[in-house]
Each structure stands twice: as C-alpha cells, then as structure tokens.
K.L.:
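Mind having a look at this structure? Questions to follow.
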Amino acid sequence: MTREPVSSPDAPKAIGPYSQAIRAGNLLFLSGQIPLDPKSGNVVPGDITSQTERVLQNITAVLKAAGAGFSNVVRTTVFLADMNEFGAMNEVYGRYVVDPPPARSTVQVARLPKDVRVEIDVIAALP
C-alpha cells in the first residue's frame, strides 16, 4: 500500500514532523487540527466557539484538498481542554457533520499544543 501526503494552503502548516493528512488506499487520516489561522500561523483568539469554528474550517480545507468533504468522514476524535465546554463545541461541530454523523470520541486532556481549547482529528473514507 502506498502512503501519499495531502495538504492544503488553506489550512495551517504542520508545526512539527507530521503531514496535514496521509492518504492510504481509500482512507484519509488527518492530523489533529488546532485553531491556527492558516495565513498568520497564530492561534485564533476567543472562546471555544470561535476556536472550534477555525478547527473545522481547517479540516474542511484539508478534506477538500483530497477531493472529499464531511460526508466522507467516518471517525473523529475531539480533544478538549475543559469538558465544561462540550456543549458549545458540539453546537459548532453539529453545523459541519452530515447525517449520519461520524463515530466520535471526545476527551478532556491536561493540555493541548499552544494552550488551545480544542483539537480535532479525522478519518475519512474516500471514493
């Protein structure tokens, strides 16, 4: 099986030794996205709502670069700095996913890169 990197200029560049996404066969594995502005590379200021919106915009850009969209997403993992922000994150998340929604796990973690409020990773099945 070949592994092929996928990237988008409309999503932030990797801040470490990893790819924005890897296509392996008909699966696409997206690295966790945090709320970085793709142009400046800076963390988007604001609450969990604005940070979740930026994360999902970044994910959308990487999916699009692979010829996919949220209708292809089969699994997500959401990492939250504070589980008390679950409701606000979930409201934004719900505007992006399609029926049937993908399988998902959501966990609270001790700390996220750059001290952001949310990180989301995705697995998609490509046509």
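Here the structure is a predicted model, which is why all the values come from computation and not from measurement.
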K.L.:
With hydrophobic residues grouped by side-chain heavy-atom distances under 4.5 Å, do Phe86 and Val116 end up in a single group?
P.N.:
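No: no chain of side-chain contacts under 4.5 Å links Phe86 to Val116.
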K.L.:
Are Val43 and Leu36 packed together at the side-chain level, in the sense that at least one heavy-atom pair is separated by less than 4.5 angstrom?
P.N.:
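SC-SC contact between Val43 and Leu36 confirmed.
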K.L.:
How is the hydrophobic cluster of Val44 composed, in terms of its other members, when Ile, Leu, Val, Met, Phe, Trp and Tyr link through side-chain heavy atoms under 4.5 Å apart, directly or indirectly?
P.N.:
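Members other than Val44 - counting any ILVMFWY side chain reachable under 4.5 Å - there are none.
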K.L.:
Report yes or no: does Ser31 contribute a side-chain atom to a donor-acceptor pair with the main-chain N or O of Ser19 at less than 3.5 Å?
P.N.:
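Present.
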K.L.:
So do the side chains of Ile120 and Gln33 get within less than 4.5 Å of each other, counting heavy atoms only?
P.N.:
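They are not in contact (no side-chain heavy atoms under 4.5 Å apart), so the answer is no.
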K.L.:
Treat each ILVMFWY residue as a node, draw an edge where side-chain heavy atoms are under 4.5 Å apart, and state whether Val92 and Met89 are in one component.
P.N.:
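Result: yes, single cluster for both.
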K.L.:
Quick one: does Leu30's side chain get under 4.5 Å of Leu28's, heavy atoms only?
P.N.:
yes
K.L.:
Mind checking what makes side-chain contact (heavy atoms from CB on, under 4.5 Å) contact with Phe29, not counting sequence neighbours?
P.N.:
Ala24, Leu27, Ile123
K.L.:
Just checking, is any N or O donor in the side chain of Gln57 or Arg54 under 3.5 Å from an acceptor N or O on the other one?
P.N.:
yes
K.L.:
Is there a side-chain contact between Leu112 and Phe79 in this structure, where contact means two heavy atoms from C-beta onward sitting under 4.5 Å apart?
P.N.:
yes
K.L.:
Test of understanding: clusters of I, L, V, M, F, W, Y form through side-chain heavy atoms closer than 4.5 Å, transitively. Do Val107 and Ile48 belong to the same one?
P.N.:
no
K.L.:
Taking Asp47's backbone N and O only, do any of them form a donor-acceptor pair with Ser50's side chain (distance below 3.5 Å, no angle check)?
P.N.:
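Confirmed, Ser50 side chain pairs with Asp47 backbone.
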K.L.:
Using the test side-chain contact (heavy atoms from CB on, under 4.5 Å), find all partners of Glu4 that sit at least two apart in sequence or belong to another chain.
P.N.:
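Here the qualifying residues are Arg23.
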K.L.:
If you group Ile, Leu, Val, Met, Phe, Trp and Tyr by side-chain heavy-atom gaps below 4.5 Å, do Leu80 and Ile34 land in one group?
P.N.:
no
K.L.:
According to a hydrophobic-cluster definition based on side-chain heavy atoms being under 4.5 Å apart (Ile, Leu, Val, Met, Phe, Trp, Tyr only), do Ile59 and Val78 belong together?
P.N.:
yes
K.L.:
Show every donor-acceptor pair shorter than 3.5 Å between a side-chain atom in residues 62-74 and any protein atom, with sequence neighbours excluded, or say none if there are none.
P.N.:
residue : atom : partner : partner atom : Å
Asn72   : OD1  : Gly69   : N            : 2.9
Asn72   : ND2  : Ala125  : O            : 3.2

K.L.:
Please determine, by modelled atom types, if Glu53 and Tyr96 share a side-chain donor-acceptor pair under 3.5 angstrom.
P.N.:
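Their side chains do contain a donor-acceptor pair, which is all the 3.5 Å distance test asks for.
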K.L.:
Can you list every pair that meets side chain to side chain donor-acceptor pair (under 3.5 Å) and has a residue in residues 99-125, with sequence neighbours left out?
P.N.:
Arg75-Ser105, Thr77-Asp121, Glu85-Arg117, Asn90-Arg104, Arg104-Thr106, Arg111-Asp115
K.L.:
Enumerate donor-acceptor pairs with a distance under 3.5 Å from any side-chain N or O in residues 8-18 to protein atoms, sequence neighbours excluded.
P.N.:
residue : atom : partner : partner atom : Å
Ser8    : OG   : Asp10   : N            : 3.0
Tyr18   : OH   : Ile15   : N            : 3.1

